[in-house]
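Working notes, beginning with the structure itself.
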Amino acid sequence: MFPAWDERSLDVSWMTVWRVVESLVEADPATVRKIASEGVDLGDAVRRVFETLKRRRQATLFEEDGLTLEEVYSQLEAIAEAKGPGSRAKKEALLRSLLSRASPLEAWLIVNAIVGETRLGLSEGLLVDAIAEAYGLPRSEVERAVMVSGDPAAVIEAAATGGPAAVRSLRPQIFRPLRPMLAQTAEDVREALSELGGTAAFEYKLDGARVQIHVKGGDVRVFSRRLTEVTHSIPDVVQAVKEGLEADQAILEGEVIAEGADGRPMPFQVLMRRFRRVRVSPELLEAIPLRVYLFDLLVLGDEVLLDKPYSERRELLKRSIGGPLRIVPTIVTGDPREAEDFMERALAEGHEGLMAKNLRAPYTPGVRGKNWLKIKRAKTL
DNA sequence: ACTGTCTGCCCC
DNA sequence: ATTCTGC
DNA sequence: GCAGAATGGGCAGACAGT
């Protein structure tokens, strides 16, 4: 509903939507359900219900009909911002007043926006095309701008207010997370080596949580894979970054795992008892200690490193950290036997397998390409 | 205070 | 995260 | 081959209800 970096959420799902819809029409639940069952998704179901059944009269201060985009958006913001005792009822009341004013078609769009469906056939790829065409920009430039800003809306704003030059000058902002680069799978190290052109970086694949760490002027903020801020859940990791990073400004990436006193990784579920906690007690901090293993560097000082080859980013990463900070165990090799031995070691130490990465590849936010490959232990029954 | 239910662009 | 499907 | 949609298991937070 909101941009990925926006921490707000509606906390409304299909169940609440459904209660509201039932309360808005003059029919028994069974009839409503029957009509709704013909819809292809929840929004379509609501559209059909509103088209078919008589709506209850809704007492409202606003007599005028016709919703504007601004009204819908600010109403959704109000729903997101309602919290504390009675907030559930308030969210429901706000949604009811919104849907009571919506035409069937408008209700369809609003409901699908709320529950996270589009079904418009409008993927981000098409959105990029549309921005490029609307502002007369090359597709590649729009693509790049969406990637580094992580937010199509920011690109549109730049194009509309500053023109092509503003779009071209978009760069990552510290404390605004980028979408993480993603990996494809490979069966084994040999396949990975042939995909990556004979030589590659092999790294332990740790069974933890991906994090992106932003640092500026002594402040540290950490984001999860889905760009949720998790800074306050992992004060031990934040402290390690403050102690170990020798740069006033940076964006780093790594994997956070729970590590036992014996140095072996604790199960993923144990990590999850820490990772998304709002408050971490001293007892929990001690019982489940976290450690981050870094593997990438996207921004260092004033330099954006996204287009630099992985080998160079890794070299700069190595030179930028010290103290308690660690880099994920890595070897660079073209020898399959050496890589297989490394894989065996990773598994023996309790890890998930290996990542294989193209040393010449840039960092491509949000792209699941073949420059990063994950190799897991073959599944046995 | 305790338990139940719902929610999460949740984490994997 | 994995698996499936349609282009 | 790619991207998008659909799906699973498990967990903490937050509110509702008692």
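In what follows, every chain begins at residue 1, and chains take the letters A, B, ... in the order their sequences are listed. These numbers come from a predicted model, not from an experiment.
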Check every strand shown and say whether A:Lys370 touches a base, only sugar-phosphate, or nothing at a heavy-atom separation below 4.0 Å. sugar-phosphate

| Are A:Lys91 and D:dA14 close enough that a side-chain N or O sits under 4.0 Å from OP1 or OP2? | no

Which pairs would a plain distance check flag for residues 157-167 of chain A, meaning a side-chain donor or acceptor within less than 3.5 Å of a matching protein atom at least two apart in sequence or in another chain?
{"residue": "A:Thr161", "atom": "OG1", "partner": "A:Glu157", "partner atom": "O", "Å": "2.7"}

Sorted by chain and number, sequence neighbours left out, salt bridge (Lys or Arg N to Asp or Glu O under 4.0 Å) with A:Asp296 holds for A:Arg313

5' to 3', nucleotides 2-11 of chain B under a 4.0 Å protein heavy-atom cut-off (B base, S sugar-phosphate only, - none) gives ----SSBBBS

Across all chains, not counting sequence neighbours, the salt bridge (Lys or Arg N to Asp or Glu O under 4.0 Å) partners of A:Glu26 are A:Lys54

From CD of A:Glu255 across to P of B:dC12 the rounded distance in Å is 7 Å

**Interatomic distance at C1', B:dG8 relative to B:dC12, whole Å** = 14 Å

Notebook entry, point to check: Which of parallel (below 30°), tilted (30 to 60°) and perpendicular (above 60°) describes A:Tyr204 and A:His351?
Noted result: tilted

5'-most contact on DNA chain D (nearest-nucleotide basis), A:Gly84 vs A:Arg273, goes to A:Arg273

Q. Expressed in whole Å, how much space separates the P atoms belonging to C:dT3 and B:dC6?
A. 30 Å

Using modelled atom types only, decide if a donor and an acceptor are shared between the side chain of A:Lys205 and the backbone of A:Lys376 within a distance under 3.5 Å. no

| A:Lys205 near the nucleic acid: base, sugar-phosphate alone, or nothing, with a heavy-atom cut-off under 4.0 Å? | nothing

A correct dot-bracket answer for DNA chain B, with pairs being Watson-Crick or G-U at under 3.5 Å, [ ] for crossing pairs and | for inter-strand pairs, is ||||||||.|||

With a cut-off of 6.0 Å (strictly less than), are more than 12 heavy atoms of other residues, nucleotides or ligands near NZ of A:Lys374?
yes

Residues at least two apart in sequence or cross-chain that pass salt bridge (Lys or Arg N to Asp or Glu O under 4.0 Å) with A:Glu77, listed by chain then number, are A:Arg8

Quiz item: So, the side chain of A:Glu71 versus the backbone of A:Thr68: is there a donor-acceptor pair under 3.5 Å, distance only?
Solution: yes

Please tell me if A:Lys376 has a side-chain N or O lying less than 4.0 Å from either OP1 or OP2 of C:dA1.
no

